[in-house]
Amino acid sequence: MDLRSQLVTWQTALTAPEADWIAIQQQGQAIAIALAQSDSDRYLTYRLEIEKHLRLLQLDLSFWQRSRDPQSQQVRVAALQQRQQTLIRYCEAVLTAIAA
């Protein structure tokens, strides 16, 4: 699967009403690897930011899973949604860079 197809699939997973966080992480890691293997340095910043936010997503997920207080869970869900929106924006930015 080419990079553009991977990004479109990932974007679909990110925008799904019920996010599959494990699949999102796996697809994001595959995209980071594909960006690292590309010949162009123009994707370096995107790759680094995607990798960083995937690590933060993993932390957010672990905190959410361990939270017992409903108020804490709401805070963690908001953090996950914010991280999700950030990853969507990076996905869109890479798609735009590919199209250019």
Side-chain angles (χ1 to χ4, degrees):
M1 183 181 291
D2 69 328
L3 180 59
R4 188 176 189 337
S5 298
Q6 283 180 306
L7 285 162
V8 170
T9 301
W10 193 41
Q11 187 176 32
T12 302
L14 282 165
T15 56
E18 293 294 321
D20 179 354
W21 298 112
I22 303 299
I24 286 171
Q25 287 179 307
Q26 291 171 343
Q27 292 170 349
Q29 290 166 349
I31 287 168
I33 290 168
L35 290 172
Q37 294 172 345
S38 71
D39 294 334
S40 177
D41 286 337
R42 71 181 181 169
Y43 301 126
L44 177 63
T45 302
Y46 295 123
R47 179 181 61 88
L48 294 174
E49 288 299 319
I50 288 170
E51 288 174 342
K52 177 179 82 174
H53 285 280
L54 285 171
R55 284 191 304 273
L56 292 171
L57 175 67
Q58 189 172 16
L59 283 173
D60 291 338
L61 279 170
S62 66
F63 289 146
W64 173 68
Q65 289 170 339
R66 288 179 177 84
S67 63
R68 300 289 177 237
D69 180 46
Q71 197 170 23
S72 295
Q73 288 176 339
Q74 287 178 340
V75 169
R76 297 301 174 195
V77 167
L80 285 167
Q81 290 170 337
Q82 184 178 13
R83 191 84 51 216
Q84 182 181 21
Q85 290 302 313
T86 300
L87 288 168
I88 288 168
R89 285 193 302 274
Y90 281 119
C91 187
E92 291 168 352
V94 175
L95 284 168
T96 302
I98 290 172

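Just so we're clear, the structure is a prediction, and the values are computed from it rather than from any experiment. Position 1 is the first residue of the sequence, and the numbers go up from there.
The shortest side-chain heavy-atom distance between Leu80 and Trp21 falls under the 4.5 Å cut-off. Put simply, the side chain of Leu61 reaches to within 4.5 Å of the side chain of Gln25, judged on heavy atoms. With a 4.5 Å cut-off on side-chain heavy atoms, Asp2 and Ser5 count as touching. With a 4.5 Å cut-off on side-chain heavy atoms, Ile22 and Gln26 count as touching. No side-chain heavy atom of Gln58 sits under 4.5 Å from any side-chain heavy atom of Leu54. Gln6 places a side-chain heavy atom less than 4.5 Å from the side chain of Leu3. Annotation: side chain of Phe63 is not in contact with side chain of Val75 (no heavy-atom distance under 4.5 Å). By the 4.5 Å heavy-atom criterion applied to side chains, Lys52 and Leu56 are counted as neighbours.
Remark: side-chain polar atoms of Arg66 are paired, donor with acceptor, to backbone N or O of Ser62 under 3.5 angstrom. A donor-acceptor pair under 3.5 Å is formed between the side chain of Thr86 and the backbone N or O of Gln82.
Atoms CG and CD1, on Leu35 and Ile98 in that order, are 7.0 Å from each other to the nearest 0.5 Å. The structure places OG1 of Thr9 at 9.0 Å from CG of Leu7, a figure rounded to the nearest 0.5 Å. The line from CG of Leu14 to CD of Gln27 is 8.0 Å long, rounded to the nearest 0.5 Å.
Of all heavy-atom pairs spanning Tyr43 and Ala97, the tightest one is CE2-CB, 4.1 Å. Looking at every heavy atom in both residues, Gln11 comes nearest to Cys91 through CB-SG, 3.6 Å. Considering all non-hydrogen atoms of both residues, Ile24 and Trp10 come closest at O-NE1, 2.9 Å.
Using the six-membered ring where Trp is involved, His53 and Tyr90 have ring planes that are tilted, between 30° and 60° apart.
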